[in-house]
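Bear in mind that the values here come from a model prediction, so they are computed numbers and not experimental data.
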Amino acid sequence: MRPYKDTNVRVPVVPSYGPAEKSQLGFDHIYIIHHLGHPETLARMANMLQLLRISAEFVPVLPIPEHQLPSPMVQSIENMIEWHTRHRIYRDMLEAGYKSALILDDSVDMELNIKTVMRAVHQNMPEGWDIFFPGHCGAFERLQPKPSAGFPALRLANMPICLHAHAVSRKGAKRILANLRPSPTSSEVFNMAVMRLKERGVLQAYSLDTP
C-alpha cells in the first residue's frame, strides 16, 4: 500500500507536516478510505487535512476482479469490497509494524479541536485497548461506564456500530484478522461482524461520546 494521488484533484492529497507524533493525532498512522469516482470527497478531505495539519495515507477502494465476484450467497458486491478493503488495511498496518492506526472514510468531518480531544483520549485510554470509536452510530454510548473520571467523554463501547471512524491497536488488528475470514460469507457485514467480536469479549472496545 502506498500514498496515492488522484490526478483529477488539484490539491495534494497526501499532506505531511512535521513529526509524525504531532500530525497523526497520536496514532502511528492514519488511513483514509477513498471511494473512486468521488473526487469531491477526496478534495474536501485533503483540504481539511491541510487546514488541521494532519498527515494521512489515502487508500483507494479497489474494484473486485471478475473472477472474485461474490456468489449469490453474499449480500452485495459493496459489502465484499468493504470487507476486502478493511482486511487489506489491517494487514498493511501489521506488516508496516504500526502499533496503532486511525482509519477514516473520506466522507467524515473533523472538529477543529480534534488534536486537543485526541490528546485527552490518549492520556486516558486504558492499556490493552483493541478498538476505539471517535465517531459512532450507537444510540446508547453515553449511558456506558466511564473508564476515566478525568475524561468522561470516553466510554466503554456498547454498540457503536459504524466503522466510518475507528482506531485499532496492533493487538486489535491481529484479533480481527484472526477471527474474521478474508472474504464474507452468507449475509455477513463487516461492521456487524466486528460488533459481534466485541459482544463475545474478543475485542476491548471504547467509544467517544461528545456533545
Side-chain angles (χ1 to χ4, degrees), residues 24-33 59 61 74-76 78-95 98-105 107-110 114 117-118 120-211:
Q24 293 174 315
L25 302 177
F27 300 98
D28 281 3
H29 200 65
I30 298 177
Y31 295 97
I32 296 181
I33 298 173
V59 179
V61 174
V74 178
Q75 193 173 55
S76 70
E78 290 76 16
N79 178 43
M80 177 171 266
I81 290 174
E82 178 185 12
W83 195 289
H84 285 184
T85 299
R86 296 189 183 280
H87 244 264
R88 182 163 53 105
I89 289 174
Y90 297 141
R91 290 197 307 269
D92 183 82
M93 172 189 169
L94 297 181
E95 290 170 3
Y98 300 135
K99 294 181 180 179
S100 63
L102 178 64
I103 304 164
L104 307 172
D105 282 359
S107 60
V108 303
D109 287 320
M110 297 186 198
I114 182 66
V117 172
M118 292 310 303
V121 167
H122 287 293
Q123 290 172 349
N124 292 277
M125 181 72 76
E127 292 185 9
W129 68 279
D130 293 311
I131 189 166
F132 164 64
F133 298 85
H136 60 79
C137 305
F140 303 104
E141 297 305 298
R142 65 185 55 198
L143 303 179
Q144 289 296 102
K146 307 169 187 178
S148 172
F151 188 55
L154 184 65
R155 308 297 177 98
L156 286 169
N158 177 34
M159 280 289 285
I161 301 177
C162 298
L163 293 179
H164 61 273
H166 72 288
V168 289
S169 66
R170 186 171 183 83
K171 177 168 67 75
K174 286 182 176 179
R175 288 183 171 181
I176 292 172
L177 291 177
N179 285 274
L180 298 185
R181 65 191 77 211
S183 293
T185 61
S186 185
S187 60
E188 287 181 308
V189 179
F190 197 83
N191 67 321
M192 295 310 298
V194 171
M195 290 302 101
R196 284 193 288 273
L197 294 183
K198 179 265 173 189
E199 290 298 301
R200 286 165 42 198
V202 175
L203 296 176
Q204 187 173 340
Y206 297 88
S207 64
L208 186 65
D209 190 72
T210 55

Side chain to side chain, L156 and Y206, heavy atoms closer than 4.5 Å = yes
request  = Kindly give the heavy-atom pair with the smallest separation between G172 and L203, and that separation in Å.
outcome  = O-CD2, 4.1 Å
Minimum heavy-atom distance N191-L163, with the two atoms named = CA-CD1, 3.6 Å
inquiry  = Parallel, tilted or perpendicular, judged at 30° and 60°: which one describes the rings of Y31 and Y98?
reply    = perpendicular
query = Mind checking what makes ring-ring contact (aromatic ring centres under 6.0 Å, His included) contact with F190, not counting sequence neighbours?
reply = W83
task = Measure the shortest side-chain to side-chain distance between L208 and F151 over non-hydrogen atoms and say whether it is less than 4.5 angstrom.
result = yes
ask   = Would you say R200 and N179 make side-chain contact, with heavy atoms under 4.5 Å?
value = yes
message = Measuring only between side-chain heavy atoms, which start at C-beta, is M118 closer than 4.5 Å to L102?
response = no
inquiry  = Given 3.5 Å as the limit, does a donor-acceptor pair link the side chain of D28 with the main chain of K99, or not?
reply    = yes
inquiry  = Working to the nearest 0.5 angstrom, can you tell me the gap between S100 OG and H122 NE2?
reply    = 6.5 Å
message = Looking at every non-hydrogen atom in both residues, tell me the closest pair between A173 and L94 and how far apart they are.
response = CB-CD2, 4.0 Å
query = Would you say the side chain of L25 lies within less than 4.5 Å of the side chain of I114, judging by non-hydrogen atoms?
reply = yes
P182 versus H84, closest heavy-atom pair with distance = O-CD2, 3.3 Å
task = Compare every heavy atom of M93 with every heavy atom of V168, then report the nearest pair and how far apart it is.
result = O-CE, 3.4 Å
request  = Return the minimal non-hydrogen interatomic distance between W129 and A167, and the atom names on each side.
outcome  = CZ3-O, 3.6 Å
key: Which residues share a side-chain contact (heavy atoms from CB on, under 4.5 Å) with D105, sequence neighbours left out   = I33, R86, S107, V108, H164
Gap between atom OH of Y90 and atom CD1 of I103 - 0.5 Å precision = 4.5 Å
message = Please enumerate all residues that pass side-chain contact (heavy atoms from CB on, under 4.5 Å) together with K171, with sequence neighbours excluded.
response = D130, S169, R175
query = Nearest 0.5 Å, what's the CZ-CG distance between R196 and L180?
reply = 8.5 Å
task = Let me see the working for H166 and V194 under side chain to side chain contact (heavy atoms under 4.5 Å, CB included), right down to the final yes or no.
result = CA-CA 11 Å; H166 72 288; V194 171; over 6 Å; no
